[in-house]
Amino acid sequence: MLHLASKSPRRRELLRMLGLDFGILDLDLPEVPAPSEPPEDYVRRVAREKAGAGLLRLAGQPTAVVLGADTEVVLDGRIFGKPVDADDAAAMLRSLSGRGHAVISAVSMVSAARELHALSVSEVTFATLDEDDIRSYLDTGEWDGKAGAYAIQGMVQSFISHLSGSHSGVMGLPLHETSTLLKQFELFPVAPRPATSPQAQVAAESTR
């Protein structure tokens, strides 16, 4: 069975779009870049650690497959994590204003027998934001708990002048890369449920 090692409701929503049944593993792991660790290496490492920690929690379930993911906003080699408060979020938005930045999403899928990984890098450009724009966005609360202080599925879309890459990757789970890994684990596409014949349906209803 597939398990998602993530606290993110956005990742749950995205994974459900593939029509999959999956369990949820609510993990709380430290997410701190090592000194001089390149952003792509950091995102890959965190995704692997989430998946690995999830698999350890499911020890004794030989058919378990765990999906871990991480997404970070990167500008000029600097990782913009989750803001600690509204002032921190405002500072991030000012830095992103009028500039392009990278959004890096890593996906790691592991089982007792194998592990596979994928990386998605998207480019996002913000229009120039004034203080009223930033204040209005902060008032929505959408920035809270979001890498780079924004959630692309919300109001911030009005600030984005260009996006090149994966929209779902910027949300937190690149569905193309994820489905490719799921296929290699033979979990996707989902096998259709057998259709019930009219005769069987009538018989079932007659027993109610």
With salt bridge (Lys or Arg N to Asp or Glu O under 4.0 Å) as the rule and sequence neighbours excluded, what pairs involving residues 159-184 come up? none
Sequence neighbours excluded, which residues qualify as side chain to side chain donor-acceptor pair (under 3.5 Å) partners of R135? D132
Gap separating the CE atom of M109 from the CG atom of L181, nearest 0.5 angstrom: 4.5 Å
Exercise: identify the closest heavy-atom pair between A51 and V66: O-CG1, 3.6 Å
Output for pair (L93 CG, F159 CZ), nearest 0.5 Å, gives 7.5 Å
Enumerate, atom names and distances included, each donor-acceptor pair closer than 3.5 Å involving a side-chain atom of residues 22-41, sequence neighbours excluded.
from: E37; atom 1: OE1; to: A34; atom 2: N; distance (Å): 2.8
from: E37; atom 1: OE1; to: R45; atom 2: NH2; distance (Å): 3.0
from: E37; atom 1: OE2; to: R45; atom 2: NE; distance (Å): 2.8

Could you measure the distance from the CD1 atom of I152 to the CZ atom of R10? Nearest 0.5 Å is fine. 11.5 Å
Hydrophobic cluster identity match, M92 and I79, side-chain contacts under 4.5 Å: no
Between G169 and V103 the two heavy atoms that sit nearest each other are O-CG1, 4.3 Å
Just distance, no hydrogens or angles: give the donor-acceptor pairs under 3.5 Å from side chains in residues 11-20, sequence neighbours left out.
from: R11; atom 1: NE; to: G172; atom 2: O; distance (Å): 2.7
from: R11; atom 1: NH1; to: S6; atom 2: OG; distance (Å): 3.4

Hey, quick one: are L187 and L67 part of the same hydrophobic cluster, counting side-chain heavy atoms closer than 4.5 Å, chains of contacts allowed? yes
Heavy-atom donor-acceptor pair, D133 side chain to D130 backbone, under 3.5 Å: yes
Interatomic distance, CG@D144 vs CG@D85, rounded to 0.5 Å, equals 10.0 Å
What's the shortest heavy-atom distance between S161 and A127, and which atoms? OG-N, 4.1 Å
Path from M1 to V110 over hydrophobic side-chain contacts below 4.5 Å: no
Closest heavy-atom pair, A69 versus L173, reported as atoms and distance to 0.1 Å, is CB-CD1, 4.0 Å
What I'd like to find out is whether the side chain of H3 reaches to under 4.5 Å of the side chain of Q61, using heavy atoms alone. yes
Could you give all pairs that pass the salt bridge (Lys or Arg N to Asp or Glu O under 4.0 Å) test and reach residues 106-129, with sequence neighbours left out? none
Which heavy atom in A151 sits nearest to a heavy atom in E142, and how many Å separate them? CB-O, 4.2 Å
T178: which residues meet the side chain to side chain donor-acceptor pair (under 3.5 Å) condition with it, sequence neighbours left out? none
Suppose the criterion is salt bridge (Lys or Arg N to Asp or Glu O under 4.0 Å): which pairs have a residue in residues 60-70, not counting sequence neighbours? K50-D70
Hey, quick one: are V73 and V107 part of the same hydrophobic cluster, counting side-chain heavy atoms closer than 4.5 Å, chains of contacts allowed? yes
Just grab all the salt bridge (Lys or Arg N to Asp or Glu O under 4.0 Å) pairs involving residues 89-109, residues at least two apart or on different chains. D76-R99, R94-E131
For the residue pair S136 and M155, what are the closest heavy atoms and their distance? CB-CE, 3.9 Å
D87: salt bridge (Lys or Arg N to Asp or Glu O under 4.0 Å) partners, not counting sequence neighbours: none
To the closest 0.5 Å, what do you measure between CG (L75) and CZ (F126)? 10.5 Å
For H101, side chain to side chain donor-acceptor pair (under 3.5 Å) partners two or more places apart: Y150
Approximate separation, where rounding is to 0.5 Å, of K146 NZ and Q153 CD: 7.0 Å
Pairs touching residues 102-113 that satisfy side chain to side chain donor-acceptor pair (under 3.5 Å), sequence neighbours left out: T71-S105, S108-H117
Holding to side chain to side chain donor-acceptor pair (under 3.5 Å), I want the full list of residues that pass it with S166, two or more places apart in sequence or in another chain. S168
Between L163 and L175, is there a shared hydrophobic cluster once you connect ILVMFWY residues whose side-chain heavy atoms come closer than 4.5 Å? yes
Check for a donor-acceptor pair, side chain of T140 on one end and backbone N or O of Y137 on the other, with a separation under 3.5 Å. yes
